[in-house]
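Atoms within a ligand are numbered from 1 in the order they appear, just like the ligands themselves.
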Amino acid sequence: MSQDQEYVEHRVNELRREINLHNYYYYVLDDPVISDAEYDRMLAELKDLEDKYPRLKHPGSPTMKVGAPPAGQFQHREHSLPMYSLDNSFSLEEVREFVLRIRKQIPDSDPHFWAEPKLDGLAVEIIYENGLYVAASTRGDGYVGEDVTDNIRTIRNLPLALFHVDHLPEYLEVRGEVVIPRKEFARLNEDKARKKEKVFANPRNAAAGSVRQLDSRITAFRPLYFFCYGTGISRFKSGAGWQSQEDMARGLNALGLPTVPGGRICRDPEEVEQYFREQLDRRELSDFEIDGLVIKVNDIGLQQRLGFTSRAPRWAMAVKFPALQGRTRLKDIQVQVGRTGALTPVAILDPLNLGGVVVSRASLHNENEIRSKDLKIGDLVLVQRAGDVIPEVVRPETRERDGTQKDFVFPEKCPACRSPVARIDDEAAIRCLNMSCPARLEQQLIYFAGKQGLDIEGLGRQWIKVLVEKRLLYSPADIFRLTLDDLLPLDGMGKKLAQNILDSIEKAAQKATLPRLIAALGIRHVGVETAKRLAENYKDLDELAAADENSLQLIEDMGPKVASSIARFFANPQNRKLLEEFKEIGLWPSLAPGTGEDLPLKGKKLVFTGAMQALSRDRAREMVEKLGGKVSSSVSRNTDMLIVGENPGSKLTKARELGLEVLREEEFLSRITKWSI
Ligand code: IVH
């Protein structure tokens, strides 16, 4: 072997080791050591080398996580040990009985229990031979599953080669759950909806659908994760197998395999109960959908003594969390007017308890959604509380229809002000076009005074509604003109309460910073973060209102949609008038001008040449000056930096001769946005 070849082989092995190790840090320990970019670079180098030297390709290489062409249908695959199901329980009382029963069955021992989350996904078995991934199958009927080797191979947190620890099994069957994180599930569905494809009902269906994809190249793009919770047959070269669940979890981790996170030893029913409450509390925080806990006798010797019934182990039990899904009647669909005028249909439901929260309304988002879900008023519907607390109508039970169900007709007039409504551009939403629609005003004011806005304590939804009804508020500025005389006659208002409200209005006005005030305006697509960005780039509302779409887009992370929404907001005369009113009442925060000492371009001379794509020359000059620099028209020894657009001319040649710093327009822009913040 030539020295070169030897070097390449060495490098390939080194990269594989490194990448496997970083996969382990990232996916198993959840504690990455290097940046994503560094990781991608190593993976790209390995791929390159393997392409160039195909003889070095290897089934255990981390580059093998790409799909293979479809095989037509899945082959069957028998499990060497049956994959049992679990007995379910729905209360801690049943868990207590389970523990007592076990203690009775093995009176000579005091068993400990291993408790861990029950992940809601798809059960699979994966086989490693001599540390290499060789096959995977679904649970199927427990005895025979489908061979999904090519699909499972693409799962990102699954090692294709195990770590070479002393205790490496020569044959290992691991069992676990394939899941999709909730966030990525939402993204996957958004993507599907955009492409007008059928969306998945929940993360479990998405995981199952992805694993059972005939084309594993599609699976490779699905955000799947695998977590082990047990083993089938295992054979070690030396020594015995694992002695307990805890031991096994540690052993599997040491081989580089991810296990169900959060497992813990519980010594008695009280500890199980404590663990149950903790997990239930953090249920909504978890990245993955958890539908309960699994409680297992920890000692594997004891497990063997206890054995199995025909369908489930005697040594384990699932305890389910309260359901987050349920069926109820869709009584009506009402239409609400939001602060941007969008008409949102809302499902009015027969109240239903979902995991401790009573649900009686759920947003239906827009007309398309009602149509694509085929909802009719009077339907029995499936409702769920997803990861967050916001309830959702999943689907109607169409088989339960009895002919009394009615189609929903979207109103042609705004339900609040009776003005015409229309669909703007290609948006899904239908909007009320009346800028002074009382319902819009009310929502706008609620937002303005709410947590996202100026956070005026005591001036909540209810009072704003009354104040709009009584014609005391026509715009956010009116809030600051309210007096005791206005408030006192209102039903349920006392002197003390009125004074408190006025005090907190004044307090809010005093502490109103520019970013807060921008956020409070409720411009579409401009939340608190974007407002901060804007305030870093414009010194007051007048400057922001004068900015055109192009210059807004120069701000980091500001896309055309947001820029256009801001420009449109300030193009509206009513909103301009609002700014004048703010000025009049002295609600006019601005950023204190810097001292200039630490400006990034202080004293620097810049020259522009060629045609700029994103930046007008005026805007460029303005930005440079704001950062303390000067723009001049010709290149000389005194020039600090040349910025080049399309087709630069002789200035570029000259700058090169002089050895000046030359930046392309994009580079300049990305630097400028960094500097501006
Ligand atoms: S242990 C002998 N642990 O729940 C069966 N199962 O309802 C031992 N599941 O088919 C299973 N998370 O797919 C176990 N932490 C966990 C689990 C878990 C999810 C699934 C598994 C099983 C089903 C039974």
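- Residue Glu197 places its CD atom among more than 12 non-hydrogen atoms of other residues, nucleotides or ligands, all under 6.0 Å distant.
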Mind listing the side-chain donor-acceptor pairs of residues 224-236 below 3.5 Å, one per line with the distance, residues two or more places apart or on another chain?
none

Note every protein N or O atom lying under 3.5 Å from an N or O atom of ligand 1, pairing the names and giving the distance.
| residue | atom | partner | partner atom | Å |
| --- | --- | --- | --- | --- |
| ligand 1 | 3 (N) | Lys296 | NZ | 3.2 |
| ligand 1 | 4 (O) | Lys118 | NZ | 3.2 |
| ligand 1 | 7 (O) | Lys118 | NZ | 3.3 |
| ligand 1 | 12 (N) | Leu119 | N | 3.0 |
| ligand 1 | 13 (O) | Glu177 | OE1 | 2.5 |
| ligand 1 | 13 (O) | Tyr229 | OH | 3.1 |
| ligand 1 | 15 (N) | Glu116 | OE2 | 2.9 |
| ligand 1 | 15 (N) | Pro117 | O | 3.0 |

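- Counting non-hydrogen atoms of neighbouring residues, nucleotides and ligands closer than 6.0 angstrom, the OH atom of Tyr143 reaches no more than 12 such neighbours.
- The number of heavy atoms from other shown groups lying within 6.0 Å of CZ (Arg103) is above 12.
- No side-chain donor-acceptor contact under 3.5 Å links Arg77 and Ser137.
- A donor-acceptor contact closer than 3.5 angstrom links the side chains of Glu278 and Gln274.
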